[in-house]
Every structure is written in structure tokens, then in C-alpha cells.
A.B. asks: 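A single structure is presented below for examination.
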Amino acid sequence: MPSALPDGEPVPDDGSLPASALPGSADRPLGFYLHVPYCATRCGYCDFNTYTATELRGTGGVLASRDNYAETLIDEIRLARKVLGDDPRPVRTVFVGGGTPTLLAAGDLVRMLAAIRDEFGLAEDAEVTTEANPESVDPAYLAALREGGFNRISFGMQSARQHVLKVLDRTHTPGRPEACVAEARAAGFDHVNLDLIYGTPGESDDDWRASLEAALGAGPDHVSAYALIVEEGTQLARRIRRGEVPMTDDDVHADRYLIADSVLAEAGFDWYEVSNWATSEAARCLHNELYWRGADWWGAGPGAHSHVGGVRWWNVKHPGAYAAALAAGKSPGAGRELLSDEDRRVERILLELRLREGVPLALLREEGFAASKRSLEEGLLERVPFEQGRAVLTLRGRLLADAVVRDLVD
């Protein structure tokens, strides 16, 4: 089941922000994340805030229906306009995620995007992305999205091997994600991503190589590769606990990561974030870079998180409760926190160290800087950038990124 929301102070009924949040906003890009919480089935490894029709039955009534979801989410976009007042920034990125956004009609996704355009305006070079399940789109659907203003799409491929997909409870058939890339290109999409997962119980090195080769053969310009994380409360965690499938260890994850980096680099993909590779700077996911660089974004939808000017808040999780709040003219916010300067310093280190450009050494305190020098000598940080005032992970450093970060934030 979906993971729990954090604690926090109450969000005002009108969603208003503290006076400290908006000054200086003109210097920060603004993005929108639109969460679509519906899935046809629940994958065994997933603890995202998503719901199947069975899980929603009797818990939200008509308010939780995906048939009128677009209108409900548009109500929050209009609320965002009121909260941000006369903020003049056009929206730089829009990312529709889930769940499975493409379970909604293409026209619904286009109307949600149009509401952002109407309320805020879109930057001339705005990046507009949607995630998609390969089985829930066809050429006509993709053409409607492209005509409606979407220019980037991310397909959940996970693996090219049927037995791996079965462990993950994925419903698409091998080969379908690769076909979707061709269909998206034919529809006119500028940028196409494939998401892969490595470290699934029962997956071999050969399985992983086959998945990478199948993904590259499809012709995307961006690949995301994530280590499988077994979250408590998921079906996969229960299967592992019962001994039905083995747990993959960290050494296997490291080996798979090295294979991915080698295969992708040979194919002309450069890493720009620990789990993301692109064929060019233009092919990077600009929306995710907003997150990693601490910019501003409004997350609309059940359980969505937002950040504006050092204020972070999150919405109620259930689609019925979310819709009920908006229908009553109230913010769907469940809680928020005001980040201190120290909070923001630590988060910059946590997030920016994962990027190809790294993090300024000037952000480190005395103990953190001493730790960075040890990491340099241990081959975890690049020497030339370090001498120029930045901490940049080496390939070995990427394998141990979490440990390096823990040392640097001291």
C-alpha cells in the first residue's frame, strides 16, 4: 500500500503561503507536477500513492472517479493561481506522473495542460512530459497528446524479459515499450525516455544486458535505470519474507549499475544524474532537474508534494478526500514545513551531489570538507573538479553515493 505522509504543520484552508515564500521567485524556474493516482493493477514492488478500481470501490464515491478527475485537478491549478497571486513566471516544465496517467483519456491530459497554460502561461521552450504505460497508448492517443502540447514522454519498460516482468507484476508484454518509442517518434515527440529497473529477484546479468540492448535498440534519447527497492508493505516484500523469491544484494546492484553505465556510455549516453543518462543536454529531464536543484514546483493531485521558496507541503492522499476538499473550496494540503537555511543547505548537498556537475565545496562545513578530502583520496570524487571547488562523484563514488552524502553533510 502507499507509504505514509510526513508530519507537518497545518496548511491554511485557502492554501496561502508565508510572506517569505515569494520574494525572489522571479529568479527561480517554476514547474508543475500533476499526479494521476489510478492504475489498472498494482505492481508488486510499488508503494506509490496509486489506487486500482477495486481499492477505490466504496471509499470515495463519485468524488474518487477518474471520469471527472481532470476537472478536480484543474480546480487545484486554479487554486495555485490564487495562492501565487501576481507571480509573473510562466511555467517552465510540466510533468504528469502516477499511477498511470494514460488511463485517462488523452483529452483529459490535454485539458489539464491547457489549464496551466491559461492560468500561468507556458515558457516558449517549456518541457511537457507524461509518463505512460506501454499497453495504455496507441498511435492515435500519442498523436492527440502531441497535438495538445506534450513534447516528451516516458514509458515504463522495466525489463525485456518476461520472467522478470512477472516477478514485478508488470502487465505489458516484452517488445511493446520498444514499439511505443517508434509510435511516439512518429507522433512527433521530441524526447522519449524508457524507465528500467535492475536487481529484480531472478534477474541475471544476461537478462539485464538484454533489457539495456532492447531499450537502446528502440531509439530513445533518455534512459532511467533504478535499482529495485523492496518497500515494506508491498506484495514483493511479503513474497521475499515468505521465501518465495530471493532478495537481491547490494553487490548485485553494483554490478548491474556498472553494466548499465558501460553499455549506455558505449551507445552515446552520458550520465547527468546517478540514475539517468541522456544523449545530449537537450535530452535531459528538465523537470527532474528542478527537483534536484531546489527550484519551485506545484504538485497537484492526491499525495502530491510541492515546494515554493523554502515552503514544502503535501496533499491528502486519498482521491476522495482530495476531491472533497477542493469541492468545498479548500486547499487539499495535509501538512507543510518551512525549511530553515540549514535544511536547504543539507538538501542541496543531498541532491546536487547526485548530478554530473556536483555540488560546490563552499556549501560544506569543516567536518564535511574534511570528509570530502578523504573521499577524494579514496577515489570517490573527481580530482580536477575538486581543485576547481566542486565535489563531483566518480563512477565508484556513484556506487557509494549515499555514504558519500552522509559524510559531506556533517
Side-chain angles (χ1 to χ4, degrees), residues 3 45 47 158 193 195-200 203 205 208 212 222-231 247-265 269-278 281 283-295 305 307 339 342-410:
S3 55
Y45 62 93
D47 76 334
Q158 280 68 54
N193 172 62
D195 273 346
L196 297 173
I197 291 176
Y198 58 88
T200 300
E203 177 192 64
D205 284 353
W208 178 230
L212 289 164
H222 190 287
V223 172
S224 300
Y226 302 104
L228 178 67
I229 298 174
V230 180
E231 302 285 0
M247 182 66 181
T248 305
D249 64 31
D250 291 342
D251 288 340
V252 170
H253 281 169
D255 290 343
R256 300 282 159 76
Y257 185 88
L258 292 173
I259 291 171
D261 191 69
S262 175
V263 171
L264 291 168
F269 285 71
D270 290 325
W271 80 279
Y272 71 98
E273 192 274 342
V274 169
S275 299
N276 291 274
W277 291 258
E281 188 170 342
R284 294 181 175 190
C285 180
L286 299 181
H287 184 81
N288 284 343
E289 288 192 311
L290 291 189
Y291 298 154
W292 298 324
R293 298 186 187 281
H305 288 234
H307 171 266
L339 303 178
E342 176 63 6
D343 291 333
R344 299 177 81 174
R345 183 191 74 88
V346 168
E347 290 199 356
R348 280 196 65 186
I349 298 170
L350 289 171
L351 296 173
E352 291 183 27
L353 185 64
R354 297 179 61 86
L355 298 174
R356 182 64 177 262
E357 295 79 10
V359 65
L361 292 172
L363 284 177
L364 307 182
R365 299 203 187 283
E366 183 176 351
E367 290 185 9
F369 184 69
S372 74
K373 290 196 289 185
R374 291 194 297 271
S375 293
L376 178 68
E377 295 308 316
E378 292 168 3
L380 303 176
L381 297 177
E382 298 279 2
R383 185 165 296 276
V384 172
F386 193 90
E387 292 171 350
Q388 297 170 344
R390 301 191 72 83
V392 175
L393 294 170
T394 61
L395 176 56
R396 182 165 175 265
R398 282 184 267 158
L399 295 175
L400 300 170
D402 290 345
V404 177
V405 163
R406 284 196 298 269
D407 288 339
L408 267 55
V409 296
D410 287 341

A.B. asks: Quick one: does His307's side chain get under 4.5 Å of Leu339's, heavy atoms only?
C.D. replies: yes
A.B. asks: Check Arg383 with Glu377, please: is the shortest side-chain N to carboxylate O separation under 4.0 Å?
C.D. replies: yes
A.B. asks: Does Arg354 use its side chain to pair, donor to acceptor, with the backbone of Trp292 at less than 3.5 Å?
C.D. replies: no
A.B. asks: For Glu357, enumerate each residue passing the salt bridge (charged side-chain N to carboxylate O under 4.0 Å, His left out) test, keeping only those at least two apart in sequence or located in another chain.
C.D. replies: Arg284, Arg293
A.B. asks: Are Cys285 and Asn276 packed together at the side-chain level, in the sense that at least one heavy-atom pair is separated by less than 4.5 angstrom?
C.D. replies: no
A.B. asks: Under a 4.5 Å cut-off applied to non-hydrogen side-chain atoms, are Thr200 and Gln158 in contact?
C.D. replies: no
A.B. asks: For Arg365, which residues count as a salt bridge (charged side-chain N to carboxylate O under 4.0 Å, His left out) partner, sequence neighbours excluded?
C.D. replies: Glu342
A.B. asks: Contact between Leu196 and Trp208 at the side-chain level, heavy atoms closer than 4.5 Å - yes or no?
C.D. replies: yes
A.B. asks: Could you give the distance from CD1 (Ile349) to CZ (Arg344), rounded to the nearest 0.5 Å?
C.D. replies: 14.0 Å
A.B. asks: Show every donor-acceptor pair shorter than 3.5 Å between a side-chain atom in residues 400-410 and any protein atom, with sequence neighbours excluded, or say none if there are none.
C.D. replies:
none

A.B. asks: Could you verify whether a donor N or O on one side chain and an acceptor N or O on the other, from Tyr272 and His222, lie under 3.5 Å apart?
C.D. replies: yes
A.B. asks: Looking only at heavy atoms, what is the nearest atom pair of Asn193 and Asp195, with distance?
C.D. replies: ND2-OD1, 3.0 Å
A.B. asks: Is any side-chain heavy atom of Leu381 less than 4.5 Å from a side-chain heavy atom of Val392?
C.D. replies: no
A.B. asks: Just how far is it from atom CG of Leu350 to atom CG of Asp343, taken to the nearest 0.5 Å?
C.D. replies: 10.5 Å
A.B. asks: Would you compute the distance between atom CD of Glu382 and atom CG of Leu376 and round it to the nearest 0.5 angstrom?
C.D. replies: 9.5 Å
A.B. asks: Does Arg348 use its side chain to pair, donor to acceptor, with the backbone of Val359 at less than 3.5 Å?
C.D. replies: no
A.B. asks: Going by side-chain contact (heavy atoms from CB on, under 4.5 Å), Arg256 matches just one of Asp251, Asp205, Asp261, Leu228. Which one?
C.D. replies: Asp205
A.B. asks: More than 12 heavy atoms of other residues, nucleotides or ligands under 6.0 Å from CG of Asp250: yes or no?
C.D. replies: no
A.B. asks: Just by distance, do the side chain of Arg345 and the backbone of Leu363 share a donor-acceptor pair under 3.5 Å?
C.D. replies: yes
A.B. asks: Residues in ring-ring contact (aromatic ring centres under 6.0 Å, His included) with Tyr257, at least two apart?
C.D. replies: Trp277
A.B. asks: Would you please name every residue forming a ring-ring contact (aromatic ring centres under 6.0 Å, His included) with Tyr226, sequence neighbours left out?
C.D. replies: none
A.B. asks: For the backbone of Gly379 and the side chain of Thr394, can you confirm whether one donor and one acceptor N or O come within less than 3.5 Å of each other?
C.D. replies: yes
A.B. asks: With rounding to the nearest 0.5 Å, note down the distance linking CZ in Arg390 to CD in Glu352.
C.D. replies: 7.0 Å
A.B. asks: What verdict does the side chain to side chain contact (heavy atoms under 4.5 Å, CB included) test give for Arg356 and Asp270, after you've listed the backbone C-alpha separation in whole Å, the side-chain angles of each residue and the deciding distance to 0.1 Å?
C.D. replies: CA-CA 9 Å; Arg356 182 64 177 262; Asp270 290 325; 4.2 Å; yes
A.B. asks: Check side-chain contact (heavy atoms from CB on, under 4.5 Å) between Asp255 and all other residues, then give those that pass, not counting sequence neighbours.
C.D. replies: none
A.B. asks: I'd like to check Leu399 versus Leu258 (side-chain heavy atoms, cut-off strictly below 4.5 Å). Are they in contact?
C.D. replies: yes
A.B. asks: Restricting to non-hydrogen atoms, name the atom on Ala260 and the atom on Leu212 that form the minimum distance, rounded to 0.1 Å.
C.D. replies: CA-CD1, 3.6 Å
A.B. asks: Can you tell me if CD on Glu281 sees more than 12 non-hydrogen neighbours from other groups inside 6.0 Å?
C.D. replies: no
A.B. asks: Check the angle between the aromatic planes of Phe386 and Phe369 and answer parallel, tilted or perpendicular using the 30° and 60° thresholds.
C.D. replies: parallel
